[in-house]
Amino acid sequence: MTHRAIPALGLLAFGALGIGLALGSGADSAAQRTGRAFTVAWRQTDYLKMHALLSDDARKRYPLPEFRRAYEQAAATATATQVLPGKVDGHGSSVRVAVMVRTAIFGTLTLPLVLPLAGDGAAVDWTPDLAFAGVRRGEQLTRRSKAPDRGTIVSVDNKVMARGPAVARTSPLGAVASSIAGTVEPSQDASERKAIYARGFAPGTPIGKTGLERALEQQVRGRPGGTLLAGRRVLARAAPKPAGRVRTTIDTRLQQSAVTALGSRLGGVAAMDPQTGAVRALAGIAFSSPQPPGSTFKIITTTAALEAGLVKPSDKFPVQTKAVIDGVDLENANGESCGGTFAESFARSCNSVFAPLGDKVGAKRLVATAERFGFNEKPALPGAQPSTLPKASGIKTPLEIGSAAIGQFTVLATPLEMASVAQTIANDGVRIPPSLSTRTRQLPVRVTSKRVADTVEGLMLGVVRYGTGTAAQIPGVKVAGKTGTAELGDTRGQDAETAGGDPSNTDAWFTSYAPAAKPKIVVAVLLVRNGAGGSTAAPVARQVLGTALGK
């Protein structure tokens, strides 16, 4: 059973509740009116109004910040999600209210609240023990927490990826599991520890920090139990509930292939199901360290240009070695001559064509298209880093627009994001954000039309058939792909697509899917400071694609 973070008190709908908030009448005493106003404000978490109802002495002794903290701490201790005060009884020096408190781990509690009053019943003579119902004068609300057994994580093929207690997680798969299972440890972040406590765990309870343990934390952690105490008195008890087995979308065969293909190199490999968005493999820094995506970003630039009617595959472009924008030379790889039809220019990744095309597309359209593909949004997977580019207002000059259009400038992406870009094209222009759990599937997003996606697919086939990505060819299989080689120094557009120069100055990229006619697998690869995408990243993708297709 998954467990959600505790919402703020009062945010849940009050609903039609039969415990009856008395609406008041002319016969109500001042004490009843004060008690009702105070508890209704509590239900609404209106601490300012509550504080204003305190006696002068209480307001001086307990300023608003301290008053607010007392209620927030009490709510966290009880894992309270909603406070529902009932009828107010009494007069003179005190009133009594039956309060229903809904909690995340102790169920629904009905507890008495006795409010001492001052000033002829017009003010609450408040002390910190009143921050929770059922607590008597001088008592303190505390909780003894008991964590459940952490759930076992299994692959889509039912192999154990991680099991055992939080302090000693293991797997019989060894290195394959450790490549993605991630770590479990106590949080050192103060705000996160507070959130852990509010969910019913002790603040130092180990939680998933990386990998599957982090991404599946809500499903794996189970529901905590414990004892809620007012002083030495027990207000409530709850038994912990273990999470059981949590099945992921990871295919251990593909995970092993990705780990092997990546080897000891710094980089990442992401594999996805093109129809469902299910993540089949994540190796290395596949979703944790965004880098400039280089020419793989030209898939997005091309989509924007096709939608705007700025280009067709048959359009002709000059054969030249560079484009000059704002007086700056944006060269093709190694200064080679490049151009011809747009299809040929895409296959050979001609900067001399794409940088000026990006300027024609414009920053507003380019950014909007990238955001439909998933840039600048919170990743669907917990723990994943976002892929980003500046807002249109932050891409000001033709040189900046042209550089962004070829995946340079300040554009950053993870292999998982570039896999998602390829998945969108493979799925007829519909993006399905990635998921790691078989229990969930993200809502699809229409990014572009099937017609545009089909056109981009045709261009990607050319990359592998005769362009910069021939190293990804698999006999008997049509592979659609796009290479990228991102410069790590000056990011204003010096993107190289063939080997040359110092390979340690470039990130190598390749994103792909196969078979093109009926896609079964998407693979994206990043190799940090490892040469050209077509030379080094494409062979890695070919190996993982081949494993998925049984080749």
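- In this structure, Glu371 pairs ionically with Lys391, as a charged nitrogen and a carboxylate oxygen lie closer than 4.0 Å.
- Side-chain contact check for Phe287 versus Val279: every heavy-atom pair is 4.5 Å or farther apart.
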For residues 541-551, tabulate all N or O donor-acceptor pairs below 3.5 Å that involve a side-chain atom, not counting sequence neighbours.
unit_1	atom_1	unit_2	atom_2	d
Arg542	NH1	Ala471	O	2.7
Thr547	OG1	Ser257	OG	2.9
Thr547	OG1	Gln543	O	3.0

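- The closest side-chain donor-acceptor pair between Glu417 and Ser387, if any, does not fall under 3.5 angstrom.
- The closest side-chain heavy-atom distance from Ile207 to Arg221 is not below 4.5 Å.
- Here the CZ atom belonging to Arg223 is positioned 8.5 Å from the CD1 atom belonging to Ile105, to the nearest 0.5 angstrom.
- Under the 4.5 Å side-chain criterion, counting only non-hydrogen atoms from C-beta, Lys209 is in contact with Glu192.
- Taken from CG in Leu436 to OG1 in Thr249, the straight-line distance is 4.5 Å, to the nearest 0.5 Å.
- Contact check for Glu217 versus Arg150: side-chain heavy atoms found under the 4.5 Å cut-off.
- Put simply, the side chain of Pro386 does not reach to within 4.5 Å of the side chain of Glu377, judged on heavy atoms.
- Shown here is Arg144, whose CZ atom has no more than 12 heavy atoms of other residues, nucleotides or ligands within 6.0 Å.
- Ser437 and Arg439 form no side-chain donor-acceptor contact under 3.5 Å, judged by distance and modelled atom types alone.
- Within the model, atoms CD1 of Ile250 and CG of Asp157 stand 10.0 Å from one another, a figure rounded to the nearest 0.5 Å.
- When all heavy atoms of Thr414 and Pro290 are compared, the closest pair comes out as CG2-CG, 3.8 Å.
- The OH atom of Tyr47 sits 9.0 Å away from atom CH2 of Trp42, with the distance rounded to the nearest 0.5 Å.
- Under a cut-off of 6.0 angstrom, the local environment of CG in Asp120 is sparse, with at most 12 non-hydrogen atoms contributed by other residues, nucleotides or ligands.
- For the 3.5 Å distance criterion, the side chains of Tyr197 and Thr205 fail to qualify, holding no donor opposite an acceptor.
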Inset, instruction - Check the pair Val40 / Phe38 against side-chain contact (heavy atoms from CB on, under 4.5 Å), numbers first and verdict last. - result: CA-CA 6 Å; Val40 167; Phe38 187 84; over 6 Å; no
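- One side chain, Gln255 or Ser179, offers a donor N or O that lies under 3.5 Å from an acceptor on the other.
- Residues Ile196 and Ser187 are in side-chain contact: their nearest non-hydrogen atoms beyond the backbone lie under 4.5 Å apart.
- Within 6.0 Å of the CD atom in Glu185, the count of heavy atoms belonging to other residues, nucleotides or ligands exceeds 12.
- When every heavy atom of Leu389 is checked against every heavy atom of Ala370, the shortest pair comes out as CD2-CB, 3.8 Å.
- Across Pro415 and Leu526, no two heavy atoms sit closer than the pair CG-CB, 3.6 Å.
- Ion pairing between a basic and an acidic side chain is recognised when a charged N comes within 4.0 Å of a carboxylate O; Asp149 and Arg163 show no such pairing.
- Checked by atom type, the side-chain pair Asp129/Thr127 shows a donor-acceptor distance below 3.5 Å.
- The OG1 atom of Thr39 lies 9.0 Å from the CZ atom of Arg43; values are rounded to the nearest 0.5 Å.
- The shortest distance between side-chain heavy atoms of Leu416 and Met272 falls below 4.5 Å.
- Remark: Leu262 CG to Ser264 OG distance equals 8.0 Å, nearest 0.5 Å.
- Between Trp126 and Tyr62, the ring-plane angle classifies as perpendicular under the 30° and 60° cut-offs.
- For the pair Thr79/Arg199, no side-chain contact is recorded, criterion being any heavy-atom separation below 4.5 Å from C-beta on.
- For the side-chain contact (heavy atoms from CB on, under 4.5 Å) with Met161, the lone residue among Val154, Leu216, Leu173 that qualifies is Leu173.
- Within a 6.0 Å sphere centred on CZ of Arg237, other residues, nucleotides and ligands contribute 12 heavy atoms or fewer.
- Side chains of Asp57 and Ser55: no donor on one and acceptor on the other come within 3.5 Å.
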